[in-house]
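Here the structure comes first, spelled out in structure tokens, and everything after it is commentary.
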Amino acid sequence: MRTELRKARNAAGLTQREVAQEMEWSPSKLLRIEAGEVGISANDLRSLMRLYGITDGGVVERLLGLARGSRKMPFVEYRDIYGQEFLDFLALESSASVTRSFQPLALPGLLQTEEYASEVIRAFTPERFSEQQQQRMLEGRMLRQDSLERDDAEFYFVLDEAVLRRQVGGPGVMRAQLRRLAELAAHPRRQIMILPFSCGILASQGPFTLFEFDEGMQPFVYRENLHGTASVSTATEDFVKFLELFWELEEQAIKGDRIPQILLRIADHIEAEPHDLRIPPADDVADIA
């Protein structure tokens, strides 16, 4: 595939620098893709083919198939920046038949736009990682989203309302992120639900992800903290406990056909200049208490 992409770029009369600028990539990302050092996500590949003028349906599907087939060992090219525990998580994520995720702090990686993901990586990556390594983390995060396109997988996301209100990266980044969420929520195999503030203490549960498989594998429970995965369990009692908790969150959450409209409405009302909490005048404090 890498040879075909180079030939297509040359046929389109584009330099690597021009392609990188048009795709809003770093030049090193395109260099590594064309060298076969890293994979390319289905979304990025489609954008690249449009830029190169590749419109033949058969060619498009063949290249997409090659891109997917080249990743039978998911993310091994990132083992220098990801620990084995997280690589195991990514392998499960890419093969699970059912994924359920509750996120009270930030959007899960599968749903993040590139700009949102860049802000999260910058905020939580230890200083020992260089800017180039952070860029590779971003590339890896975008590659993960190929899982959303699998026809044999279902995804259920419960997002705390605070996740949608917190402006990660500023108003522009957040508007684009919410609009992307609205697009994803319209897909029947991707259910995005919102746990409103009115649910109270129920939302205080930390983030967790549940994986189920069709091939006789044990289900997995991943509990997370600010430093990544905090604990992993395949114990049936642990899985059942968290599955029941997820069902409870799901029951309290807003869901269904209203979700895309709600997300778009939140995006449209994001202020150009976000403000901090507005403290009411002293005369109003008694009413709040």
Side-chain angles (χ1 to χ4, degrees), residues 1-82 86-97 99 109-118 121 130-153 155 176 179-180 183-184 186-187 189-190:
M1 183 183 69
R2 61 184 183 179
T3 302
E4 293 191 54
L5 289 177
R6 282 199 300 269
K7 288 181 178 179
R9 176 176 58 76
N10 290 329
L14 295 168
T15 67
Q16 289 175 325
R17 180 180 295 275
E18 288 170 338
V19 172
Q21 289 176 342
E22 185 67 27
M23 295 290 292
E24 297 184 346
W25 291 347
S26 66
S28 62
K29 176 174 179 176
L30 182 61
L31 287 170
R32 287 196 296 272
I33 289 172
E34 291 193 350
E37 294 177 2
V38 298
I40 182 171
S41 70
N43 285 336
D44 279 351
L45 181 56
R46 288 192 181 96
S47 298
L48 199 60
M49 288 190 287
R50 284 195 295 269
L51 179 61
Y52 293 166
I54 300 174
T55 57
D56 181 271
V59 175
V60 169
E61 287 305 313
R62 183 171 59 81
L63 289 176
L64 287 171
L66 287 172
R68 296 186 184 107
S70 67
R71 295 177 54 226
K72 293 180 181 178
M73 294 289 289
F75 306 99
V76 292
E77 63 267 34
Y78 297 96
R79 58 183 176 272
D80 60 319
I81 56 174
Y82 290 151
F86 189 57
L87 287 172
D88 292 343
F89 173 88
L90 296 178
L92 293 171
E93 182 182 72
S94 65
S95 57
S97 59
T99 298
L110 287 176
L111 302 181
Q112 294 175 4
T113 63
E114 189 165 339
E115 294 77 14
Y116 185 105
S118 181
I121 289 170
S130 67
E131 185 175 340
Q132 184 178 16
Q133 287 175 313
Q134 291 186 36
Q135 181 63 33
R136 292 188 61 223
M137 291 177 186
L138 180 60
E139 292 169 8
R141 187 162 300 193
M142 294 300 100
L143 280 172
R144 289 170 58 189
Q145 298 182 6
D146 280 2
S147 297
L148 293 173
E149 301 193 15
R150 290 171 47 212
D151 293 331
D152 60 344
F155 299 87
R179 288 166 183 159
R180 172 62 175 158
E183 293 174 5
L184 293 172
H187 194 285
R189 299 179 76 87
R190 306 175 198 135

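When the side-chain contact (heavy atoms from CB on, under 4.5 Å) test is applied to Ser95, the partners found at least two apart in sequence or on another chain are Phe213. Under the rule for a side-chain contact (heavy atoms from CB on, under 4.5 Å), the partners of Gln132 that lie at least two apart in sequence or sit in another chain are Arg32, Ser130.
Nearest heavy atoms, Arg136 versus Asp80: NH1-OD2, 2.8 Å. Of all non-hydrogen atoms in Ala8 and Ile54, the two that sit nearest each other are CB-CD1, 3.8 Å. Across Ala153 and Ala96, no two heavy atoms sit closer than the pair CB-O, 3.7 Å. Closest non-hydrogen pair, Ser118 versus Leu138, comes out as N-CD1, 3.8 Å.
For the pair Leu45/Leu5, a side-chain contact is recorded, criterion being any heavy-atom separation below 4.5 Å from C-beta on. By the 4.5 Å heavy-atom criterion applied to side chains, Leu90 and Tyr78 are not counted as neighbours. For the pair Val19 and Tyr52, the minimum side-chain heavy-atom distance is below 4.5 Å. With contacts defined as side-chain heavy-atom distances shorter than 4.5 Å, the pair Gln135/Glu139 qualifies. Using a 4.5 Å cut-off on side-chain heavy atoms (C-beta onward), Leu48 and Met23 make contact.
Judged purely by distance below 3.5 Å, without hydrogens or angles, the side chains of Arg150 and Ser147 never pair a donor atom with an acceptor atom.
The aromatic rings of Phe86 and Phe89 sit parallel, their planes meeting at an angle under 30°, below the 60° perpendicular limit.
Salt-bridge check for Glu183 with Arg180: passed, with a basic side-chain N closer than 4.0 Å to an acidic carboxylate O. In this structure, Glu149 pairs ionically with Arg46, as a charged nitrogen and a carboxylate oxygen lie closer than 4.0 Å.
Shown here is Glu18, whose CD atom has more than 12 heavy atoms of other residues, nucleotides or ligands within 6.0 Å.
Note that CE of Met142 and CD of Gln112 are 6.5 Å apart. Values are rounded to the nearest 0.5 Å. For the atom pair Gln145 CD and Thr113 OG1, the distance stands at 8.5 Å (nearest 0.5 Å).
Judged by distance alone, the side chain of Arg190 and the main-chain N or O of Leu148 form a donor-acceptor pair under 3.5 Å. Side chain of Tyr82 to main chain of Met137: a donor-acceptor pair is present (N/O by atom type, distance under 3.5 Å, no hydrogens or angles). In this structure a side-chain-to-backbone donor-acceptor pair under 3.5 Å is missing from Gln16 to Arg9.
Considering Asp44, Val60, Val59 in turn, Val60 is the only one that fulfils the side-chain contact (heavy atoms from CB on, under 4.5 Å) rule with Met49.
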